[in-house]
Protein chains: 2
Amino acid sequence: MDLDTAGAASRLMTRLDDFSAFTDEPGKLTRLYLSPSYRAACDQFAKWAVEAGMSARIDAVGNVRARYEGKSAGAPALMIGSHIDTVRDAGRFDGNLGALAALAVVEQLAEKGIRLDHALEVVAIGDEEGVRFSTAMTGSRALAGGLSATAMEAKDKQGVTVGEALKAFGGDPERAYSARARGVAAFVELHIEQGPVLEAKGLALGVVGAINGATRMLVTVTGLAGHAGCVPMDLRRDAVAAAAEMILAVEARAKAEPDLVATVGRLEVEPGAVNVIPGLARFSLDVRSPRDEWRRRAVSDIHAAATQIAARRHVETVMQPVHEAPAYVCDARIVAGFDRALTGMGLPAFHLPSGAGHDTMVMGALAPAGMLFVRCAGGVSHNPAESITGEDGALALAALTRFALEFKG
Amino acid sequence: MDLDTAGAASRLMTRLDDFSAFTDEPGKLTRLYLSPSYRAACDQFAKWAVEAGMSARIDAVGNVRARYEGKSAGAPALMIGSHIDTVRDAGRFDGNLGALAALAVVEQLAEKGIRLDHALEVVAIGDEEGVRFSTAMTGSRALAGGLSATAMEAKDKQGVTVGEALKAFGGDPERAYSARARGVAAFVELHIEQGPVLEAKGLALGVVGAINGATRMLVTVTGLAGHAGCVPMDLRRDAVAAAAEMILAVEARAKAEPDLVATVGRLEVEPGAVNVIPGLARFSLDVRSPRDEWRRRAVSDIHAAATQIAARRHVETVMQPVHEAPAYVCDARIVAGFDRALTGMGLPAFHLPSGAGHDTMVMGALAPAGMLFVRCAGGVSHNPAESITGEDGALALAALTRFALEFKG
């Protein structure tokens, strides 16, 4: 097929710029779920979809839903999309790239009047970032039929519930369950990597093998505070030295296994004075892996190492679980489809896990799902400096288009 | 000589209780330099000295100075004492024990009408703790002739200078230099250990070999912040993992050498979020040793280790010196004198360094000086739970008395 991919890619990059004008905060991009700028962005998105010859509507929970029929009306659909809500002071590509690229796939077909065996459904999803309310993924959960019974009651900082905000937005909280998607053969999402792997490998694109599951723990190490001058080394029960040894054990365990990552992001010591041996250290532990069993084994190994370190140093340690999310292993047929698209373009079919969560992991409960990652500069995301090159954008759109054309429902 | 050491020791323990009633804060012991309760404590101390047959006065900077003449008037003096100012919410023994024990030495002689070849000067010193003003050791510095030109200008939190507080106290800031002691053959100080070494060794008493010098540094480790899920282990420049390795290097270096201690008491990481790899870690380093050259070598080794760790991990590290205090090596004749006193009592002549600073290190500039440590429960100090047993108090007084009797100026 002779699509104008170069023209579509150029328009996509321009549109990403234009679309970033929908913001709650002038001068920066902040588009929180169900805010006025989120509404305006939904309307613009739907307008573009209609202009491309699609039917479009905003569903009960504030997702934009557009449909491009296949050769026969009511055919199973390949759903393509991503989120259009953002974090505060966001970059232009996180989410928006995948949603606008989905639109661009359809536009290329519509320009040539091409219909596929399957329908294409384009979605622009809300609440992926979970910044406004004490919840996240409301949009994809509703699409996948996984909305919790209390989802409409989650509040923002002003005490406004999702349900109230939905009414103000023009949605319908009482019919939230009606947003569940029907007739979806598969879901795919294009997204910036938000990490440095593709850049380090010198690759524009990568196929996501799994969205990592995560375990978060709060680790407390209790030793004995003492005078920095008066307690000899061999009589110390130094909480920070014990914590330091545990942190290196965490790092060593993660390094010993591909695709496993473990991070100590928070660390506090008490009493925290120059001349006092710390009696207490508290640190966070975040362990992620593409497979739940690998992650659980790593957490168990780290627990064993910390226990051993604590015993040897005569300190106490408690590891308190605070969060657990299962991994989503991307559907093998979707992964194979992206592999074919990339190799067909002469690119290596490189696989990598996603360390961050995405709508795809929620959509996996509805239909076979998968993701394509595009390289972003320095791995920087959630930041105005977030960027991709026009060349990479064009490759990403071409690969996504190729996937859609070759898709067999 | 047939002294009533048991009676003197019993009175000493009672007096330590009574003396703790001189406080700025009812219900706890807080006796800041030049406060009303400090004045009342000085007056009581001078009264006891006079009752023991000594001449007593309060000098220009607020030290109590009492003299018990030897066989001939004007003989060189052995000066014995410690500080009677305290930290906030202090224990009863830190400082006060040494000052009141000095008085108790003289009382035993006076009761029997014994005069020695040398005079005994008893001092109760002010400002050792340095809690009230932005200075410390004003009392001993004045005694040793080491008062700085700006010592009277140091302010407390209310903006009151030492000079103003001295006037209100009844001292004479203009004549501060007159407090310099004359005719002092030696200075000795009995003090609680404020550490756990004697308790761990099962010993009541120990001879201080040196008062440790200290180097304090602020160490900054700069890596690169990143998403805890998205950056693989081998692409990280994790500031907290680098800091952890440095902290263990600090510990290992200190453990490799007797009497050297090194402490990381403060540690902060930034940005400090569960799901962000820390881009920055900042920690304090406190290194102490009985010999300045040993300490400097340890600091240099730690610096080299940190530099090597930083280079291997592709992070930056800066070690900024913030404080340096030289060690005071106790006078060999004083140390030998305490050794003889202990062995004469059938006790081992155990030596240990002092990790904390004391008036003795200042007095060493005036005359040969040394210290005797007494075991305190759990090594606890600067805390109302500070305690020594009556038995240990009696042994300490006996050893100090023996030293004074056997002293050869």
Side-chain angles (χ1 to χ4, degrees), chain A residues 193-197 200 212 214 216 226-236 238 240-241 243-248 250-251 254-255 258-269 271-278 281 283-286 288 322-323 352-357 379 381-382, chain B residues 193-197 200 212 214 216 226-236 238 240-241 243-248 250-251 254-255 258-269 271-278 281 283-286 288 322-323 352-357 379 381-382:
Chain A
E193 182 200 338
Q194 303 182 282
V197 174
N212 285 351
R216 287 186 186 164
H227 190 295
C230 302
V231 186
M233 300 308 289
D234 60 346
L235 292 179
R236 294 184 176 204
D238 183 335
V240 81
E245 199 176 341
M246 292 174 192
I247 289 166
L248 292 181
V250 166
E251 184 188 45
K255 279 189 168 175
D259 293 341
L260 185 86
V261 289
T263 305
V264 172
R266 280 181 48 205
L267 173 58
E268 295 119 14
V269 304
V274 176
N275 62 339
V276 181
I277 302 158
F283 62 88
S284 64
L285 173 65
D286 178 303
R288 306 195 194 197
V322 290
H323 171 77
L352 74 172
S354 171
S381 184
H382 286 190
Chain B
E193 182 200 340
Q194 303 181 281
V197 175
N212 284 352
R216 288 185 187 164
H227 190 293
C230 302
V231 187
M233 300 308 288
D234 60 347
L235 292 179
R236 295 184 175 204
D238 183 336
V240 80
E245 198 176 342
M246 292 174 192
I247 289 166
L248 292 182
V250 166
E251 183 188 47
K255 278 189 169 174
D259 293 341
L260 186 88
V261 290
T263 306
V264 172
R266 279 182 47 203
L267 173 57
E268 295 119 16
V269 303
V274 176
N275 62 340
V276 182
I277 301 158
F283 63 88
S284 64
L285 173 65
D286 178 305
R288 306 194 194 197
V322 290
H323 170 80
L352 76 171
S354 171
S381 184
H382 287 190

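Since we're looking at a predicted model, the values are computed, not measured. Every chain is numbered from 1 and lettered A, B, ... according to where its sequence line falls, protein lines coming before strand lines.
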Check the pair B:Leu285 / B:Met246 against side-chain contact (heavy atoms from CB on, under 4.5 Å), numbers first and verdict last.
CA-CA 10 Å; B:Leu285 173 65; B:Met246 292 174 192; over 6 Å; no
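- With a 4.5 Å cut-off on non-hydrogen atoms, A:Leu235 touches chain B through its side chain but not through its backbone.
- Of the atoms belonging to A:Leu260, it is backbone heavy atoms, and not side-chain ones, that fall under 4.5 Å from chain B.
- Considering only heavy-atom pairs separated by less than 4.5 Å from chain A, the leading option among B:Gly195, B:Ala244, B:Pro258 is B:Ala244.
- Highest contact tally toward chain A, considering only B:Val269, B:Leu248, B:Val276, B:Val250, is held by B:Leu248 [criterion: heavy-atom pairs under 4.5 Å].
- Taking A:Ser284, A:Pro278, A:Pro196 one by one and counting their heavy-atom pairs under 4.5 Å with chain B, the maximum is reached by A:Pro196.
- Contact tally against chain B (heavy-atom pairs below 4.5 Å) for A:Val274, A:Asn275, A:Leu267, A:Asp286: the top residue is A:Val274.
- Between A:Ile277 and A:Ala228, the shortest heavy-atom distance links the atoms CG1-CA, 4.1 Å.
- With a 4.5 angstrom heavy-atom cutoff, B:Val231 touches chain A via backbone and side-chain atoms both.
- Interface residue A:Ala356: backbone and side-chain heavy atoms are both found under 4.5 Å from chain B.
- Per-residue counts of heavy-atom pairs under 4.5 Å with chain A were compared for B:Asp238, B:Asp234, B:Val264; the largest is that of B:Val264.
- Heavy-atom distances place both the backbone and the side chain of B:Ala241 under 4.5 Å from chain A.
- Atom CZ of B:Arg266 sits in a sparse spot, with 12 or fewer heavy atoms from other residues, nucleotides or ligands closer than 6.0 Å.
- The backbone N or O of B:Ser354 lies less than 3.5 Å from no partner atom in the side chain of B:Arg288, so there is not a single donor-acceptor pair.
- Heavy-atom pairs under 4.5 Å with chain B peak, among A:Pro271, A:Ala262, A:Gly226, at A:Ala262.
- The heavy-atom pair separating A:Pro232 from A:Cys230 by the smallest distance is CD-O, 3.5 Å.
- When side chains are defined from C-beta on, A:Val261 counts as touching B:Arg236, because their heavy atoms get closer than 4.5 Å.
- Annotation: side chain to side chain donor-acceptor pair (under 3.5 Å) contacts of B:His227 (sequence neighbours excluded): none.
- In this structure, the side chain to side chain donor-acceptor pair (under 3.5 Å) partners of B:Glu245, at least two apart in sequence or on a different chain, are B:Arg312, B:Arg313.
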